[in-house]
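Working notes, beginning with the structure itself.
The sequence lines fix the lettering, A, B, ..., with proteins before strands; numbering per chain opens at 1.
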There are 2 protein chains.
Amino acid sequence: MNQNVARGGVGRRTIHDVALAAGVSTATVSRVTSGNYPVAKATRARVERAMRELGYVANANARALARSNSNLIGIIISDMVDPFFAYVARGVEIEASSRGLMSLVCPTRGAMTESDFVDMLLERRAALIVLVGGAVVDENYHQAIRERHERLAAAGSRLVLCGRPGVGGPAPVTAVEYDNVGGARAITDLLLNAGHRRILYLGGPPALSTTRARVHGFVSALADRGIDQPAELIRTGQFSRSWAQQGLHDALDEGADFTAVFAANDIAAAGVYAAARERGLRIPQDLSVVGYDDVPVARELNPGLTTVEVPLEALGREAVRAGLRDSGSSDPQASDEPTVLGTRVIHRESVAAPNPSRRPSRRQDRPGAGTR
Amino acid sequence: MNQNVARGGVGRRTIHDVALAAGVSTATVSRVTSGNYPVAKATRARVERAMRELGYVANANARALARSNSNLIGIIISDMVDPFFAYVARGVEIEASSRGLMSLVCPTRGAMTESDFVDMLLERRAALIVLVGGAVVDENYHQAIRERHERLAAAGSRLVLCGRPGVGGPAPVTAVEYDNVGGARAITDLLLNAGHRRILYLGGPPALSTTRARVHGFVSALADRGIDQPAELIRTGQFSRSWAQQGLHDALDEGADFTAVFAANDIAAAGVYAAARERGLRIPQDLSVVGYDDVPVARELNPGLTTVEVPLEALGREAVRAGLRDSGSSDPQASDEPTVLGTRVIHRESVAAPNPSRRPSRRQDRPGAGTR
DNA sequence: CTGCTGATAGAAAAGGCTTACTGTTCGAGT
DNA sequence: ACTCGAACAGTAAGCCTTTTCTATCAGCAG
C-alpha cells in the first residue's frame with residue numbers, strides 16, 4: 001500500500017492521499033464521493049477500496065467552502081426545553097438527518113437574538129434556516145422577513161417560516177403553519193357546549209401572532225353564539241406557568257366572573273391548575289380548564305387536560321420538506337401558498353358543566369388549601 | 001467608497017473586498033477579525049469601518065478549513081424532547097454560545113447512531129463533542145471510548161463524557177458526572193424514614209450505567225438498615241412512562257408486596273401515577289412514590305412528586321467548561337479526576353407512612369376507576 | 001485510414017481565510 | 001550618528017474539495 005504521510009490536518013488523510021493510493025487524480029476521488037459524475041466501474045472500485053483502507057473521511061469544511069453550501073440546517077427557536085419547540089425541533093431534525101443534514105439548534109432565550117443566529121448561520125452557509133414559533137407581526141414584519149430572505153438567498157441559504165405568518169409578494173417566503181384560529185374556535189365551542197358563557201382567556205404575549213390567532217378564534221366562536229367577550233376576561237402576558245398561575249389569582253382577586261379558563265397553552269394551564277389548587281377550586285367541578293398544544297404535561301395534570309393537539313413534530317418535518325422542496329424546480333410559485341396543518345381537540349377530564357352553586361370569587365377561599 | 005464587486009460567493013463580500021476598501025492586506029483584516037495579533041489602532045479602525053460599510057461577514061467554512069477547527073460543538077443525546085436531555089443540552093448550549101460556539105444536537109433515537117454522529121462531527125472538525133447520558137458499561141466500553149477519544153484528538157476535537165463513567169488511564173478522558181449513588185441512597189433513606197420496608201424499584205434499562213448506579217444506591221441504603229432487597233422488587237426495563245405504567249400493573253398482578261415505589265426517573269414516576277390511578281390506589285395514602293431527576297413534570301403530578309434533583313443544566317455547562325478548560329495548559333493530568341456534581345432530595349407530597357390497612361394487591365381493585 | 005463522438009480522467013483554478021515569514025518604520029540606547 | 005529591536009503590515013503558501021476545461025482513448029461512420 002502507498003504509505004505516503006497525510007499532509008496538513010492532524011494525522012488525517014485527505015483526498016490527496018486517496019488519489020495517490022488509488023492511482024487517480026483528486027478530481028476522480030471527488031467524483032466518486034459526490035457521485036454526481038460518471039466514473040468507470042473499475043476506477044470507482046479502486047477508489048473506494050483506497051478510501052476504506054486509509055479510513056478516509058472527507059473534510060466537511062473544505063467541501064462546504066468549495067460548494068459554498070454546508071449541509072447544516074439551523075433551527076431557530078425560543079427555548080429548547082420548552083416542549084412546544086422541542087417537538088418541532090425534533091421534527092426538523094428527523095427530516096434533516098434523513099437527508100444527511102445536521103441540525104444546529106439556536107435558542108433565542110439566552111444571550112443570542114434571532115438575528116445573531118441568522119448571521120452565524122449565514123457565515124456557515126447553512127442550507128436551510130427554520131424560524132420556529134410565533135412572531136410579533138407589526139408593520140415591519142413583512143419587510144424584515146423579506147430582507148432576511150433575500151440576504152439568505154443571496155448566500156445560497158433558504159429560509160422557512162414555521163408557525164408564523166407567511167410573507168407573500170413577488171417572491172413569497174416558504175411558510176408552514178398550523179391552524180390556531182380553528183383550534184381555538186373548536187375548543188371554545190367545546191366549552192360553550194358544556195354550558196360555559198363566561199370564559200377567561202389567560203396567557204401568551206399579547207403582540208405575538210400565535211396569541212392573536214388564538215384569541216381571534218376564541219372571540220369569534222363566542223361571537224357566533226352572540227356572546228360579547230368582555231375585555232377584562234382576556235388577559236394576555238406570557239406563556240409561562242408562573243405568569244398564568246399569578247394571572248388566575250389576580251383575576252379571582254379582582255372578582256372577575258367566569259366559570260372556565262382557556263389557557264393560552266398547556267404550560268399556562270399547569271399554572272392555572274396550581275393556582276386553582278391553592279384556591280381550593282376543584283377542576284372541573286368548580287372550574288373548567290382547557291389548554292393548547294397537547295404537550296406531554298397535558299396528560300400528567302390531574303385531571304387530564306382537555307386541549308388542542310398541534311402536530312408539532314409534523315410541523316417541523318413539513319418545514320424542512322417545504323424548505324428544500326423547490327431546490328430543483330426554479331418555479332417560485334411552488335411555495336406561494338403556505339402549508340397549513342390541522343389541529344384537533346383532545347378530550348380529557350378538565351371540562352364539566354359550570355357549577356351554579358360555586359363560582360370563582362374573591363379571597364374568601366383561603367389560599368394554599370391544597371387539593372383536599 | 002471602493003465599489004469593487006464581490007468575487008466568488010453569491011454576492012457576498014470577502015476579506016479581499018474589505019482589504020481593498022480599507023487599503024490594507026487581507027492578512028491585516030484577518031488579524032482584526034481574529035484579534036489574536038496586534039494591529040495599530042488607526043488601522044484597526046479603518047478595517048472595522050470598511051467591514052461595517054460593506055456588511056462583511058466572514059465565511060465560517062473557509063475559516064474552519066484554514067484553522068482546521070470549526071466553532072461547532074456536538075451534543076450527542078438520546079432524545080431532544082426528553083427533558084433530561086433537553087436540560088443538559090441547554091446547559092451545553094448556554095456555555096457554548098457564550099464562547100461563540102454553535103451547538104449541533106445529535107439525537108440517537110432516530111436513524112443515526114452515536115457513532116454516525118461522531119463521524120459527522122469529525123468531518124466538521126467540531127471543537128468539542130459531548131456524549132450525554134448513561135452508557136452500557138461492558139468490557140468494551142473503556143476501550144471503545146478511548147479509541148474514539150484518540151481518533152478525535154488526532155483531528156483536533158475534544159471529547160467529554162457527561163453523565164457516564166469516566167475512562168482513566170494514561171490519557172484520561174474528560175468526564176463530568178453527577179451523584180447517582182448518593183441521590184438514590186438519600187431518597188431511599190427518606191422512604192425508609194417514613195417507615196417503608198418493602199420498596200419496588202421500577203424502570204431504567206438494566207445494563208445502563210445510570211440504572212446500575214441508582215439501583216446500587218438504593219440497595220445499599222436498604223442494606224445499611226439490614227434490609228435484604230428481594231430480586232422481584234427490582235424491575236428494570238426502560239425509562240419510559242408506558243413501561244413503568246405497565247410495570248406497576250404487572251407487579252401488582254403478580255402479588256408483589258410493597259408499600260412504595262422508587263421510579264427510575266420522573267417520567268417513569270408519571271407512569272406509576274397513571275397505573276396507580278387506574279388501580280384506584282391513592283398516592284401517597286395507599287402507595288408512596290419517588291422519582292429521580294426533578295424535571296418539570298415532577299411538580300405537575302398530583303400530588304407533587306418527591307424526587308432527586310439532578311443539576312441537569314449545570315451538568316451541561318460544566319461539561320463544556322471541563323472539555324474546553326485544558327485547551328491552554330497541556331497538562332493532561334488536569335482532567336484526570338472526573339468532576340462530580342451533587343444531587344439533593346426535593347420534598348413534595350408523594351411520600352407518606354405506609355398504610356397498614358390497605359396494601360397494593362391483586363386485581364380485586366377494579367382497574368380504570370379514576371381518582372375519585 | 002481519417003475524423004468524429006462519447007465516455008472518462010486529469011490539470012488546475014477557484015473558494016475565502018489563516019499564519020509563518022519577511023519586510024519596513026521608527027524610536028531608543030550608546 | 002548608528003545599530004537594535006519592537007511594533008506593525010504585507011506576501012504568499014497553505015487548508016481540502018469541487019468543478020470547469022481540456023486531453024485521451026475507443027469505437028465507429030464514411
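Straight-line distance from the CG atom of A:L122 to the C1' atom of C:dG16: 15 Å, rounded to whole Å. When rounded to the nearest whole Å, the span between NZ of B:K41 and C1' of D:dA7 equals 15 Å. Counting to the nearest Å, the P atom of C:dT18 and the NE2 atom of B:H16 are 14 Å from each other. Rounded to a whole Å, the CG atom of B:D17 is 12 Å from the P atom of C:dG15. Protein atom CD1 of A:I15 is 13 Å distant from nucleotide atom C1' of D:dC15, rounded to whole Å. Distance A:M51 CE to D:dC16 P: 17 Å, rounded to the nearest Å. Taking atom CZ of A:R63 as the reference point, atom C1' of D:dC15 lies 15 Å away to the nearest angstrom. Computed from coordinates, the B:L54 CG to C:dG16 C1' distance equals 15 Å when rounded to whole Å.
Listed candidates were C:dA12, D:dC15, D:dT11. Nearest to the side chain of B:S25 is D:dT11. Comparing C:dA9, C:dG16, D:dA9 against the side chain of A:A40 picks out C:dA9 as the nearest.
Residues passing the side-chain contact (heavy atoms from CB on, under 4.5 Å) test with A:R90 are A:Y87, A:I94, A:E313, B:D79, B:M80, B:V81, sequence neighbours excluded. For B:A319, the side-chain contact (heavy atoms from CB on, under 4.5 Å) partners are B:V130, B:V160, B:C162, B:V176, not counting sequence neighbours. With sequence neighbours left out, A:M112 forms a side-chain contact (heavy atoms from CB on, under 4.5 Å) with A:D116, A:F117, A:M120, B:S97. For A:E95, the side-chain contact (heavy atoms from CB on, under 4.5 Å) criterion is met by A:S98, A:R99, A:R317, A:V320, A:R321, not counting sequence neighbours.
A sub-4.0 Å separation between OP1 or OP2 of C:dG16 and a side-chain N or O of B:T14 is absent. Side-chain N/O atoms of A:Y37 include none lying less than 4.0 angstrom from OP1 or OP2 on D:dT17. Considering only side-chain N and O atoms, A:T43 lies nowhere under 4.0 angstrom from the phosphate OP1 or OP2 of C:dT8.
Screening residues 23-37 of chain A for salt bridge (charged side-chain N to carboxylate O under 4.0 Å, His left out) gives no qualifying pairs among residues at least two apart or on separate chains.
Using a 4.0 Å heavy-atom cutoff across all strands shown, A:A58 reaches sugar-phosphate atoms only and no base atom.
Checked for salt-bridge contact, B:R13 and B:E53 miss the test: no charged N lies under 4.0 Å from a carboxylate O.
Two residues, B:V24 and A:N59, neighbour DNA chain D, and the one matched to the more 5' nucleotide by heavy-atom proximity is B:V24.
For DNA chain D, the neighbouring residues in residues 27-35 of chain B, judged by any heavy atom under 4.0 Å, are B:A27, B:T28, B:R31.
Checked by atom type, the side-chain pair A:N71/B:R124 shows a donor-acceptor distance below 3.5 Å.
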